[in-house]
Amino acid sequence: MRQHASAAPEQGLRIHKVLPGQYHVAVADELIMTLLGSCVAACIFDPVRGVGGMNHFLLPDPGTGDEAAAPSSVSNRYGVFAMESLINSLLTRGASRSRLKVKLFGGARVLPQLSDVGSRNIEFVRRFAATEGLSIVAEDLGGEHPRKILMQPATGRVRVKKLPALAPQSIGAREARYLEQIDAPRGSVELF
């Protein structure tokens with residue numbers, strides 16, 4: 001999955017920005033970054049292999065809709081697809097499922113007038129990790145503040161910065177625009 005990349009001059013490392021519905025896996029000499037409101041990001045890594053990645057999802061699952069045939073960028077907006085995509089990508093890069101460590105972030109209630117999708121995302125991701133036997137080693141979930149997440153994939157080290165109170169409106173608006181874009185009617189697809 002293609003993400004936006006920029007240089008991090010202070011560290012001499014490249015930064016891959018993960019947007020809603022995306023994930024990225026890397027080994028070394030780069031960082032992975034995202035901004036979260038009610039969305040959740042899972043940072044998963046294999047400390048022995050030195051490979052890690054991050055996803056960013058908006059909703060826990062597709063509900064009653066049929067997303068099985070949807071393009072991965074659309075499907076990955078849902079936690080169930082985003083988690084499987086990230087884990088499978090890590091395994092293809094040589095990670096061992098038994099060594100995977102998980103760090104979870106996000107799920108804030110940034111816009112009180114909307115439903116608390118953040119708490120549903122938190123409930124989903126914790127249940128998914130438990131069902132899959134994944135070890136959660138750290139989390140910073142819930143609350144009212146959005147977060148900026150910066151991950152070093154080779155080590156699994158994550159820096160979290162809680163953003164000021166004015167930022168939730170812009171992050172909430174960004175999430176709402178994203179939902180409108182992906183829910184907009186598209187051409188039909190015939191599967192055979």
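For Ala129, the side-chain contact (heavy atoms from CB on, under 4.5 Å) partners at least two apart in sequence or on another chain are Leu134, Ile136. Taking the ring-ring contact (aromatic ring centres under 6.0 Å, His included) definition, one finds that Phe57 meets it with Phe124, sequence neighbours left out. Taking Ser135 as the reference, Lys101, Val137 meet the side-chain contact (heavy atoms from CB on, under 4.5 Å) condition, with sequence neighbours excluded. Val48 is linked by a side-chain contact (heavy atoms from CB on, under 4.5 Å) to Asp46, Arg99, counting only residues two or more places apart in sequence or in another chain. In this structure, the side-chain contact (heavy atoms from CB on, under 4.5 Å) partners of Lys162, at least two apart in sequence or on a different chain, are Asp140, His145, Arg147.
A donor-acceptor pair is defined here as one N or O able to donate and one able to accept, closer than 3.5 Å; no such pair exists between the side chain of Asn121 and the backbone of Gly79. Without hydrogens or angle criteria, Asn55 side chain to Leu86 main chain gives no donor-acceptor distance under 3.5 Å. Looking only at distances, no side-chain donor or acceptor of Ser38 sits under 3.5 Å from a matching main-chain atom of Val117. Remark: side-chain polar atoms of Arg93 are not paired, donor with acceptor, to backbone N or O of Arg49 under 3.5 angstrom.
Heavy-atom neighbours of Asn88 CG from other residues, nucleotides or ligands within 6.0 Å: above the threshold of 12.
At a threshold of 4.5 Å between non-hydrogen side-chain atoms, the residues Leu36 and Pro146 do not count as touching. Side-chain contact between Leu35 and Lys148 is present, with heavy atoms from C-beta onward closer than 4.5 Å.
The list of salt bridge (Lys or Arg N to Asp or Glu O under 4.0 Å) pairs with a residue in residues 121-138, not counting sequence neighbours, reads Arg97-Glu132, Glu123-Arg127, Arg126-Glu139.
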